Each structure stands twice: as C-alpha cells, then as structure tokens.
> 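The following block contains the structure, expressed as structure tokens.
Note that the structure is predicted; figures quoted are calculated from it, not measured. Below, all heavy atoms of this structure are taken into account, side chains as well, without hydrogens, waters or symmetry copies.
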There are 2 protein chains.
Amino acid sequence: MSISSRFAVGIHILTLIEFNKEGVTSSEFLASSVNTNPAVIRKLMGMLKKAGLIEVNPGIAGAKLAKELSDITLFDVYKAVNVVQEKELFSIHETPHPNCPVGRNIQNTIEPIFTAAQLAMEKVLRNVTLEDVVKDIATKENIC
Amino acid sequence: MSISSRFAVGIHILTLIEFNKEGVTSSEFLASSVNTNPAVIRKLMGMLKKAGLIEVNPGIAGAKLAKELSDITLFDVYKAVNVVQEKELFSIHETPHPNCPVGRNIQNTIEPIFTAAQLAMEKVLRNVTLEDVVKDIATKENIC
DNA sequence: AATACATGTAATCATAATTGTTACAGATAC
DNA sequence: GTATCTGTAACAATTATGATTACATGTATT
C-alpha cells in the first residue's frame, strides 16, 4: 500500500507554477512536465484551488500561486489533495467479537497509537515548505 | 487510502495468544475473535511465524509467542505483515519529463522528505511493545 | 492403518481506489 | 463566432484488499 501519487504530483504542480511564474502555466504545460493527462492535472488543480493554494479560472489559461512559497507547507498540499483522512492512515478491522476481552478492547487500545504515528508523520510534512523544495531544485540546477 | 488492516489484525492475534496462553489458540479461535475467516488468520500466522514472532506447526493446534511480550514492538508486527515497504509509504509519479528543471529533479528532492516522514511514523511504532498493548487491555478489563 | 482435526496454501471472487482517457459543457479573449 | 482554456463527468484498466472455498499435508489418537 502506498499513499496516492496525487500528493507528489500536487507538489510538482505548485513547484512548476513557481518556476514558470513569468509564463503561463496551463494544464497542458503541467501535464507535459508531470507526464500525465491534462484532465488529471485539472482535477488536481481544482483541489489545490479549493484549498486556497492556487488561483485558476475557467476560460483563462494558467494557474498562479495564491500564497507565498514560504507559507505553503507540504502538509497543506497533502490535505488539499485528500490522500489520507484524519485518523485513517491505518485501518482497523471493524467488528471484532465483543465476548472476547481482546475483541472488545483492541480498537480503543490501538487507535491512539495509530493516531500518534500518523501525527508524527504529518509533523514532518508540516515542517517543510514549498520554498524548501524550490530552493533544493534550484541548487541542483546550479541556478541559485 | 489506508494501510491494510492486516497490521491491526496481526496485533490482535498476538495479543490474544497472550491472553489465552493457558489454552489452545487455533486459527478458528482467533478468527472468531477477529471476526473473519480462519484462512485469513492462517495466512497472517504464516507471516508472523516467518518473522519469528510466533511458533506454529502444521498438524498441531495452537500458536505460541516466540518472544517475550516486551521484546515485540508494533514495528516488528508492521514489518511482519508486510503492509508498507521501505521508502514506499508515499508513491511518486514515475516518469516526469527530463527536459523540465522541475521534472528532472522532483523525485530526488521529494524522496528524502517522504522517507523522513515515513521513518517518523515508524519510530512511534518502534516505541510501543505488545506488553504495552496487553497491559492497556488488562487495565480496561480491570484485571490488572 | 484409519480417522479426526489442525495448519499451509492456492484459486477465485467482490469490492474499492488509482490513474488514464475521452468527451463535452461553460467561460473568456480575440 | 471562433479558438482556447478550465471544469467535470463517464468509463476502462490495473491493482490491493479481504472473504471464501477447497484441498494437500502433518500430527495425534484409537
């Protein structure tokens, strides 16, 4: 099991909008860089727009960032593209048998541990911004 | 997307083996508590056995723990039941376009961040043992 | 040996999520 | 009005999950 690549593609989209900020960043342009279908990109753009991360309008070509680079964390993107729900990174079997001491308690015992693990993962994402990503790529391209 | 309930069920199995340590813990008995099919349990028992967490033998009813409770972490169970591969909690789109500065760098830039997030999650699992789980349930049952 | 019962394992199925594809409606600019 | 873009829905291919059935294999008991 893996978390959907919508997350990675969402980061790609936002990063490329920044790199191409002087130009027009259409869904087709983005799709070419990501190597996927423009409709896939437009669906993701809709999610990013709904989350207030980009500005994009019907009929008008190109998307723009709606916030400062340093003000968008990877956690924001992660939430925007809806890859993992709150407290649902781990799934727990639904109906264990209530006549068994383990069966009737396992869910309540495990749930806070799973939630803590999920939060620890998400904390890492909160501590990385798009600015970090853009700068890292700029460094790799020697254009810093 | 959620991580397979094999993980939660694996914890359930090991915990119930401990609670029933005076008796015979067969796949049918476990299946009844988990509320699933015995064949599902036997498949998981095979994984737990392969990881050295339980002892179980063909033809002989019942499974036993192969280690001390305090010596089995939830991370051990997580690895045993094979729910998430190393560095693969997050998936990254495979073939971005190499002619684009973002396309040719995004994978290498994102991968260490994703790995760090996965490791943070797994660290929480490493710090919880089956003993913790068993004691928590015992407390809830007022049999501590 | 024969029987009963357990584990080990493969095949199959229903369901759900993901990703890509096509198509088209609606909005904008020229 | 035409061209171009976004927004969105419908559909298909692929994959993972979890349940189910069936049966081979191993052990204990009689």
> What is the distance, rounded to the nearest whole Å, between atom CD1 of B:I54 and atom P of C:dG8?
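The distance from CD1 of B:I54 to P of C:dG8 comes to 8 Å, rounded to the nearest Å.
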> Please determine whether a side-chain nitrogen or oxygen atom of B:K49 lies at a distance below 4.0 Å from atom OP1 or OP2 of C:dG8.
yes
> Specify the closest pair of heavy atoms between B:A80 and B:L48, including all atoms of both residues, with the distance to one decimal.
CB-CD2, 4.1 Å
> Please tell me if A:S26 has a side-chain N or O lying less than 4.0 Å from either OP1 or OP2 of D:dC5.
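No, no such contact exists.
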> In whole angstrom, what separates B:L89's CG from D:dA16's C1'?
15 Å
> List for me each residue that meets salt bridge (charged side-chain N to carboxylate O under 4.0 Å, His left out) alongside B:D136, sequence neighbours excluded, and say none if there are none.
B:K140
> List for me each residue that meets side-chain hydrogen bond (donor to acceptor under 3.5 Å, both in side chains) alongside A:N127, sequence neighbours excluded, and say none if there are none.
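Per chain and number, A:N127 pairs via side-chain hydrogen bond (donor to acceptor under 3.5 Å, both in side chains) with no residue.
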> What are the atom names and distances for every N/O pair under 3.5 Å that joins the protein to nucleotides 21-30 of chain D?
none

> Does B:L69 form a side chain to side chain contact (heavy atoms under 4.5 Å, CB included) with B:E18? I'd like the steps, not just the answer.
CA-CA 8 Å; B:L69 272 183; B:E18 170 66 16; 3.5 Å; yes
> Mind calculating the distance between CD1 (B:I41) and C1' (D:dA19) to the nearest angstrom?
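The answer, rounded to whole Å, is 12 Å.
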> Rounded to whole angstrom units, what separation is found between the NZ atom of A:K43 and the C1' atom of D:dA10?
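Those two atoms, NZ and C1', are 11 Å apart.
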> By the salt bridge (Lys or Arg N to Asp or Glu O under 4.0 Å) test, which pairs, at least two apart or in different chains, include something from residues 83-93 of chain A?
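Qualifying pairs, neighbours excluded: A:K87-A:E111.
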> When you match A:T36 and B:T25 each to their closest nucleotide on DNA chain C, which lands nearer the 5' end?
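Whichever sits nearer the 5' end wins; that is B:T25.
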> Strictly distance-based, threshold 3.5 Å: is any side-chain N or O of A:Q107 a donor or acceptor partner for the main-chain N or O of A:I92?
no
> Could you tell me whether the side chain of B:K67 and the main chain of B:I72 form a donor-acceptor pair under 3.5 Å?
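Checked: no pair found.
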> Nearest-Å distance, NE2 (A:H93) to P (D:dT17)?
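It is 17 Å, rounded to the nearest whole Å.
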> What is the distance, rounded to the nearest whole Å, between atom CE of B:M47 and atom C1' of C:dT9?
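From B:M47 CE to C:dT9 C1': 12 Å.
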> Specify the separation, in whole Å, of atom CD of A:E88 and atom P of C:dA16.
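Atom CD in A:E88 sits about 15 Å away from atom P in C:dA16.
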> How would you label the contact of A:K50 with the nucleic acid (heavy atoms, under 4.0 Å): base, sugar-phosphate, or nothing?
nothing
> For DNA chain D, find the residues of residues 3-14 of chain B with a heavy-atom distance under 4.0 Å and give them by number; none if there aren't any.
B:S4, B:S5, B:R6
> Find the distance B:M1:CE to C:dT18:P and express it as a whole number of Å.
8 Å
> What's the closest nucleotide to the B:M45 side chain, out of C:dG8, D:dT6, D:dA19?
C:dG8
> Of all residues at least two apart in sequence or in a different chain, which pass the side-chain hydrogen bond (donor to acceptor under 3.5 Å, both in side chains) check with A:R104?
B:E141
> Determine the minimum heavy-atom distance between B:A63 and B:I54, stating which atoms define it.
CB-CD1, 4.3 Å
